Novice: 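Okay, handing you the structure first.
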Amino acid sequence: MERKVRVRFAPSPTGPLHIGGVRTALYNYLFARQLGGTMILRIEDTDQGRFVPGAEAYIIEALSWLGIQFDEGVHVGGPYAPYRQSDRKPLYRQYADQLIADGWAYYAFDTPESLEETRKRYESEKKAFQYDVFTRNSLVNSLTLSAEDVSQRLADNQAYVIRFKMPETGEVVVNDLIRGRVVVHSNLLDDKVLFKSDGMPTYHLANIVDDHLMEISHVIRGEEWLPSAPLHVMLYRALGWESTMPEFAHLPLLLKPDGNGKLSKRDGDRLGFPVFPIQWQDPKTAEISSGYRESGYIPEAVINMLAFLGWNPGTTQEIFSMEELIHAFSIDRISKSGAKFDVEKAKWFNQQYLRQLSAQELAVLFMPVLNEKGIEIELSKLAVICDLVKERLSFVKDLWEQSCFFFTPPTTYDEQLIKKRWKEDTASHLQQIIQILEKHQPFETMLAHDNVVAYIQDNGLNMGQIMNCLRLVIVGAGTGPDLFAIINTIGKEEAIQRINKGIASIKL
RNA sequence: GGUCCGUUCGUCUAGAUGGCCCAGGACGCUAGGUUUUCAUCCUAGAAAUCAGGGGUUCGAAUCCCCUACGGACUACCA
């Protein structure tokens with residue numbers, strides 16, 4: 001039973017990978033790392049018609065940004081190379097032939113058009129057509145045609161596909177690590193195409209052949225594959241590989257936050273959150289879909305959030321580093337039902353991770369934003385500002401909103417606050433406060449603060465009223481960190497200028 | 001239509017072998033406190049008749065059955 005753990009993440013390069021796919025990759029990664037196994041990236045590009053340039057590079061970049069690493073794969077090579085199915089094309093045919101020779105598959109010459117016609121005919125009778133045990137005897141294939149006819153058609157290069165010959169009797173059992181025993185009667189399954197007329201295998205064949213050849217021990221994939229898992233089990237049996245068949249775990253789906261249905265590529269920008277790890281631009285339409293990276297999410301937060309969509313450790317701990325996830329992860333704690341994505345929780349996770357960053361680290365992230373606005377500042381000074389506002393952020397991009405008053409004087413003043421706090425004598429009191437500030441010759445914040453407080457108290461004034469008005473002229477609003485910390489940071493001269501400007505601008 | 005999977009607060013979920021669950025945590029929400037302000041933080045609260053109905057049992061969110069609802073799949077797509 002000692003089997004080396006080898007798992008694969010096997011996306012098809014038909015577009016950007018969405019977060020459901022990322023979660024599948026993550027669970028594979030956590031599982032592999034925990035058990036000292038191997039994580040493989042295999043590209044399943046057997047459908048040349050849906051190939052999208054750039055998608056493969058996108059997948060690699062996105063997973064790399066998130067810290068999901070591969071031991072083998074298209075981009076890093078490995079002992080089972082190549083890892084791209086289009087590069088493995090010559091491998092598959094022999095297995096299809098073997099299946100035919102063993103009576104597990106057959107040639108089918110039906111054209112797509114004739115099949116479509118049959119399908120429509122069934123539909124008009126309110127029935128569903130399936131190429132299976134019951135219908136294959138009335139269709140054009142090597143089961144109904146004479147041996148001579150078949151060889152003639154083959155010799156004539158007539159287009160054909162190779163279909164799996166599903167047994168008429170018997171039950172197929174899939175033992176799923178998450179769902180338990182799933183049983184289906186084989187005659188309910190259809191004769192899936194294994195090998196296409198263009199010379200490429202379909203997903204089903206390529207997948208089984210590659211998993212076998214690459215010695216995959218566990219197949220962890222989305223629930224959308226559960227219905228075809230019985231076919232896969234049959235394929236292992238037919239190929240004589242049943243004893244080394246990997247174990248299956250079908251993950252619950254990620255659902256739309258509103259309404260029903262699985263999360264789709266369209267939902268993200270419609271509902272105001274990214275469904276993609278990093279930004280993607282469609283090469284054909286040039287349409288841009290936003291990504292977590294560009295939206296200001298920290299990769300660790302995205303990982304943490306994704307890990308909890310369908311899995312939990314059974315404790316109350318919610319913040320997990322990748323290392324902790326690797327340690328705590330287990331397949332039997334994966335839930336069976338689909339999870340709706342929640343933007344608010346995602347934000348919360350990001351906030352938690354943002355707070356773990358030092359002021360210095362935040363400053364480094366913030367600096368480019370300022371430079372773009374034409375603001376030059378020393379990193380150390382910026383770090384002081386970041387430290388003052390870091391508790392108020394969910395995203396790095398919130399930094400500007402939370403700290404813009406450090407860099408530019410207010411141009412407008414909060415109307416509500418004026419109404420509430422600004423009195424007739426406010427201006428003259430602020431004049432007095434300017435005098436107090438002027439007195440401090442090297443400027444000392446604490447002393448200035450104490451003196452202002454003393455002024456308010458000595459004159460029997462309302463603390464909240466004066467302080468809020470002082471804040472109003474300095475910040476422009478009633479928000480922000482400690483007022484004297486702000487004054488200290490912008491400097492005495494600037495503070496006095498702002499007070500003067502405020503007095504001049506604010507009229508009752 | 002058919003096959004398969006699922007169903008605990010608005011959301012993510014806890015809930016081995018039925019009793020400690022008139023259901024716990026987190027996000028969000030509401031209120032109070034802290035703060036010269038806002039945010040943070042602290043405290044409290046509202047929020048699931050455990051999809052519904054039948055059983056089994058002294059006792060069920062937990063076991064069984066039925067129903068409903070939701071989802072996936074049903075391509076020479078993956």
Side-chain angles (χ1 to χ4, degrees), chain A residues 10-14 44-47 49-50 85 108 110-112 115-116 119 122-123 126-131 159-163 174 176 178-180 182-185 188-190 192-198 200-204 206-207 221-230 250 252-253 255 257 260-262 305 308-318 332-333 335-349 351 355 389-393 402 414 417 421 449 452-453 456 462-472 475 477-484:
Chain A
S12 59
T14 53
E44 312 225 324
D45 57 347
T46 52
D47 185 358
R50 292 209 307 157
Q85 289 183 329
D110 317 84
T111 63
L115 249 21
E116 188 51 38
R119 211 162 265 132
Y122 270 69
E123 218 169 282
K126 293 208 151 90
K127 287 194 289 187
F129 170 72
Q130 202 172 254
Y131 208 121
Y160 66 89
V161 298
I162 296 172
R163 285 182 181 271
V174 179
D176 188 272
I178 296 170
R179 276 145 230 287
V182 177
V183 186
V184 191
H185 197 95
L188 261 14
L189 268 13
D190 63 336
K192 276 273 180 308
V193 171
L194 261 24
F195 207 83
K196 301 185 268 189
S197 57
D198 65 0
M200 278 294 234
T202 59
Y203 167 83
H204 304 291
N207 180 261
R221 68 214 322 185
E223 194 186 354
E224 68 267 27
W225 294 110
L226 192 53
S228 53
H250 289 94
L253 264 17
L255 274 16
N260 303 305
K262 77 172 170 177
M305 180 265 296
F308 270 69
L309 245 33
W311 172 87
N312 80 83
T315 65
T316 55
Q317 185 184 348
E318 292 203 272
D332 33 72
R333 292 204 64 88
S335 45
K336 293 182 173 70
S337 50
K340 281 185 183 171
F341 178 83
D342 182 10
V343 202
E344 291 304 323
K345 190 92 186 209
K347 276 188 195 167
W348 178 79
F349 271 114
Q351 187 185 36
R355 281 195 198 155
V389 300
K390 65 180 288 196
E391 295 291 289
R392 329 173 153 253
L393 316 167
Q402 295 297 335
D414 186 328
L417 194 60
R421 300 288 196 182
H449 170 263
V452 169
V453 170
I456 292 169
N462 180 307
M463 188 79 156
Q465 195 234 317
I466 299 298
M467 284 301 210
N468 275 299
C469 288
L470 183 55
R471 174 178 291 277
L472 181 68
V475 174
T479 61
D482 182 78
L483 185 52
F484 279 83

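Quick caveat: nothing in here was measured; it's all calculated off a predicted structure. Residue numbers begin at 1 in each chain, while the letters A, B, ... track the order of the sequences.
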Novice: Determine the Euclidean distance between corresponding C1' atoms of B:C22 and B:A60; express it in Å to zero decimal places.
Specialist: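 Taking atom C1' in both B:A60 and B:C22, they lie 14 Å apart.
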Novice: Are any of A:Asn312's side-chain N or O atoms less than 4.0 Å away from OP1 or OP2 of B:A14?
Specialist: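 Looking at the OP1 and OP2 atoms of B:A14, one of them is under 4.0 Å from a side-chain N or O of A:Asn312.
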Novice: Using Watson-Crick or G-U wobble geometry with both distances under 3.5 Å, which nucleotide pairs with B:U49?
Specialist: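 Here B:U49 is not engaged in any pair, so there is no nucleotide opposite it.
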Novice: In this structure, how many angstroms lie between the P atom of B:A72 and the CZ atom of A:Arg221, rounded?
Specialist: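 After rounding, the gap between these two atoms is 17 Å.
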Novice: Please state how far atom CZ in A:Arg471 lies from atom P in B:U37, giving the value in whole angstrom units.
Specialist: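 Rounding to the nearest Å, CZ of A:Arg471 and P of B:U37 are 9 Å apart.
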Novice: With side chains defined as the heavy atoms from C-beta onward, is the minimum distance between A:Tyr131 and A:Val193 less than 4.5 Å?
Specialist: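 No. Closest side-chain heavy atoms not under 4.5 Å.
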Novice: Could you state the CG-P distance from A:Asn468 to B:U35, rounded to the nearest angstrom?
Specialist: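 My rounded result for the distance is 14 Å.
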Novice: B:U56 and B:U49: how far apart are their P atoms, nearest whole angstrom?
Specialist: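 To the nearest whole Å, 25 Å.
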Novice: Does B:C41 have a Watson-Crick or wobble mate here (both distances under 3.5 Å), and if so which one?
Specialist: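 Paired with B:G33.
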Novice: Can you tell me how far P of B:G2 sits from NZ of A:Lys127, to the nearest Å?
Specialist: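 Roughly 14 Å, once rounded to whole Å.
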Novice: Distance check, P atoms only: B:U11 and B:G70, in whole angstrom units.
Specialist: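 Approximately 15 Å lies between the P atom of B:U11 and that of B:G70.
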Novice: Watson-Crick or G-U wobble partner for B:C22, using a 3.5 Å limit on both distances?
Specialist: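 Checking every strand shown, B:C22 finds no partner, since no pair has both distances under 3.5 Å.
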Novice: With P as the reference atom in both, quote the distance from B:U3 to B:A46 in angstrom, rounded to an integer.
Specialist: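 Between the two P atoms, the distance is 46 Å.
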Novice: Using a 4.0 Å heavy-atom cut-off, does A:Asp482 contact any base of the nucleic acid, only the sugar-phosphate backbone, or nothing at all?
Specialist: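 Base, at least one base heavy atom under 4.0 Å.
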Novice: Run the side-chain hydrogen bond (donor to acceptor under 3.5 Å, both in side chains) test against A:Asp342 and tell me which residues pass, sequence neighbours left out.
Specialist: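 Per chain and number, A:Asp342 pairs via side-chain hydrogen bond (donor to acceptor under 3.5 Å, both in side chains) with no residue.
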Novice: Which base, if any, makes a Watson-Crick or G-U wobble pair with B:A72, both distances under 3.5 Å?
Specialist: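 In the structure as shown, B:A72 has B:U3 as its Watson-Crick or wobble partner.
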Novice: Suppose we screen for ring pair (Phe, Tyr, Trp, His ring centres under 6.0 Å). Which residues come up paired with A:Tyr203, at least two apart in sequence or across chains?
Specialist: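 A:Trp225, A:His232.
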Novice: Give me the distance, rounded to whole Å, that separates B:U17 from B:U62 when you measure between the C1' atoms they each carry.
Specialist: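 Between the two C1' atoms, the distance is 11 Å.
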Novice: Does the side chain to side chain donor-acceptor pair (under 3.5 Å) test come out yes or no for A:His250 and A:Arg179, once each step is laid out?
Specialist: CA-CA 8 Å; A:His250 289 94; A:Arg179 276 145 230 287; 5.9 Å; no
Novice: Kindly write out the residues that satisfy ring pair (Phe, Tyr, Trp, His ring centres under 6.0 Å) with A:Trp348, not counting sequence neighbours, or none if the list is empty.
Specialist: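 In terms of ring pair (Phe, Tyr, Trp, His ring centres under 6.0 Å), with neighbours along the sequence ignored, A:Trp348 is linked to no residue.
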Novice: Summarise how protein sits on nucleotides 73-78 of chain B as a single string, 5' to 3': B when a protein heavy atom is under 4.0 Å from the base, S for sugar-phosphate-only contact, - for no contact.
Specialist: SS-BBB
Novice: So, using side chain to side chain contact (heavy atoms under 4.5 Å, CB included) as the criterion, who are the partners of A:Asp47 when residues are at least two apart?
Specialist: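 With sequence neighbours excluded, A:Asp47 shows a side chain to side chain contact (heavy atoms under 4.5 Å, CB included) to A:Arg50, A:Lys196, given in chain and number order.
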Novice: Please produce a list of atom pairs where a protein N or O lies less than 3.5 Å from an N or O of nucleotides 39-46 of chain B.
Specialist:
| unit_1 | atom_1 | unit_2 | atom_2 | d |
| --- | --- | --- | --- | --- |
| B:A39 | N3 | A:Arg392 | NH2 | 3.4 |
| B:U40 | O3' | A:Arg355 | NH2 | 3.2 |
| B:U40 | O2' | A:Glu391 | OE1 | 2.7 |
| B:C41 | OP1 | A:Arg355 | NH1 | 3.2 |

Novice: Would you indicate whether the side-chain heavy atoms of A:His204 and A:Ser228 approach each other to under 4.5 Å?
Specialist: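 Yes, at least one pair of side-chain atoms sits under 4.5 Å.
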Novice: With 3.5 Å as the limit, what N/O pairs link the protein to nucleotides 5-12 of chain B?
Specialist:
| unit_1 | atom_1 | unit_2 | atom_2 | d |
| --- | --- | --- | --- | --- |
| B:C5 | O2' | A:Arg179 | NH1 | 2.6 |
| B:C5 | O2' | A:Glu223 | OE2 | 3.0 |
| B:C12 | OP1 | A:Lys340 | N | 2.9 |
| B:C12 | O2' | A:Phe308 | O | 2.9 |

Novice: Sequence neighbours left out, what passes side-chain hydrogen bond (donor to acceptor under 3.5 Å, both in side chains) with A:Gln85? Give chain and number order.
Specialist: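 For A:Gln85 the side-chain hydrogen bond (donor to acceptor under 3.5 Å, both in side chains) partners, ignoring immediate neighbours, are A:Glu44, A:Asp210.
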Novice: Give A:Leu483 one of three labels, base, sugar-phosphate or nothing, depending on what nucleic acid heavy atoms sit under 4.0 Å from its own.
Specialist: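 If one applies the 4.0 Å heavy-atom cut-off, A:Leu483 turns out to touch a base.
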Novice: For nucleotides B:A47 and B:G10, find the distance between their P atoms and express it as a whole number of Å.
Specialist: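 It works out to 11 Å between them.
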Novice: Hey, are the side chains of A:Asn312 and A:Arg333 touching, using non-hydrogen atoms and a 4.5 Å cut-off?
Specialist: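 Sidechains of A:Arg333 and A:Asn312: in contact.
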Novice: Could you measure the distance from the NE2 atom of A:His449 to the CG atom of A:Leu483? Nearest 0.5 Å is fine.
Specialist: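 If we round to the nearest 0.5 Å, A:His449:NE2 and A:Leu483:CG are 8.5 Å apart.
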Novice: Only counting residues at least two apart or in another chain, list the ones meeting side-chain hydrogen bond (donor to acceptor under 3.5 Å, both in side chains) with A:Lys345.
Specialist: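 side-chain hydrogen bond (donor to acceptor under 3.5 Å, both in side chains) list for A:Lys345, sorted by chain: A:Glu318.
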Novice: Whom does B:C9 pair with, Watson-Crick or G-U wobble, provided both distances fall under 3.5 Å?
Specialist: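 When the pairing criteria are applied, nothing turns out to pair with B:C9, so the answer is none.
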Novice: Checking all strands, does A:Arg333 fall into the base, sugar-phosphate, or nothing category for heavy-atom contacts under 4.0 angstrom?
Specialist: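 It contacts sugar-phosphate atoms only.
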Novice: Taking for each residue the nucleotide of RNA chain B with the nearest heavy atom, is it A:Arg421 or A:Trp348 whose nucleotide lies nearer the 5' end?
Specialist: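 The 5'-side residue here is A:Trp348.
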Novice: Could you please name the partner base of B:G59, counting Watson-Crick and G-U wobble pairs only when both distances are under 3.5 Å?
Specialist: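 Looking at the geometry, B:G59 pairs with no nucleotide.
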Novice: Using the C1' atom as the reference point in each nucleotide, state the distance between B:G18 and B:G55 in Å, no decimals.
Specialist: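 My reading of the C1' atoms in B:G18 and B:G55 gives 15 Å.
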Novice: By side-chain hydrogen bond (donor to acceptor under 3.5 Å, both in side chains), which residues pair with A:Lys192, not counting sequence neighbours?
Specialist: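 Residues passing side-chain hydrogen bond (donor to acceptor under 3.5 Å, both in side chains) with A:Lys192: A:Asp190.
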Novice: Could you state the atom-to-atom distance from CZ of A:Phe484 to C1' of B:C38 in whole Å?
Specialist: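 The distance from CZ of A:Phe484 to C1' of B:C38 comes to 17 Å, rounded to the nearest Å.
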Novice: Taking B:A48 as the reference, what is the distance to B:C12 when you measure between their C1' atoms (whole Å, please)?
Specialist: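 It works out to 14 Å between them.
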Novice: I need the CD-P distance between A:Gln402 and B:U37, as an integer number of Å.
Specialist: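 In whole Å, B:U37 P and A:Gln402 CD are 17 Å from each other.
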Novice: Tell me what A:Gly464 touches on the nucleic acid: a base, only sugar-phosphate, or nothing, going by heavy atoms under 4.0 Å.
Specialist: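 The residue A:Gly464 makes sugar-phosphate contact but no base contact.
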Novice: Could you list the residues that satisfy ring pair (Phe, Tyr, Trp, His ring centres under 6.0 Å) with A:Phe349, not counting sequence neighbours?
Specialist: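 Per chain and number, A:Phe349 pairs via ring pair (Phe, Tyr, Trp, His ring centres under 6.0 Å) with no residue.
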Novice: Restricting to ring pair (Phe, Tyr, Trp, His ring centres under 6.0 Å), what partner residues turn up for A:Phe308, sequence neighbours left out?
Specialist: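 Only A:Trp311, A:Phe320 meet the ring pair (Phe, Tyr, Trp, His ring centres under 6.0 Å) criterion with A:Phe308.
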Novice: Once you apply a heavy-atom cut-off of 4.0 Å, does A:Pro481 come out as touching a base, just sugar-phosphate, or nothing?
Specialist: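 Result for A:Pro481 = base.
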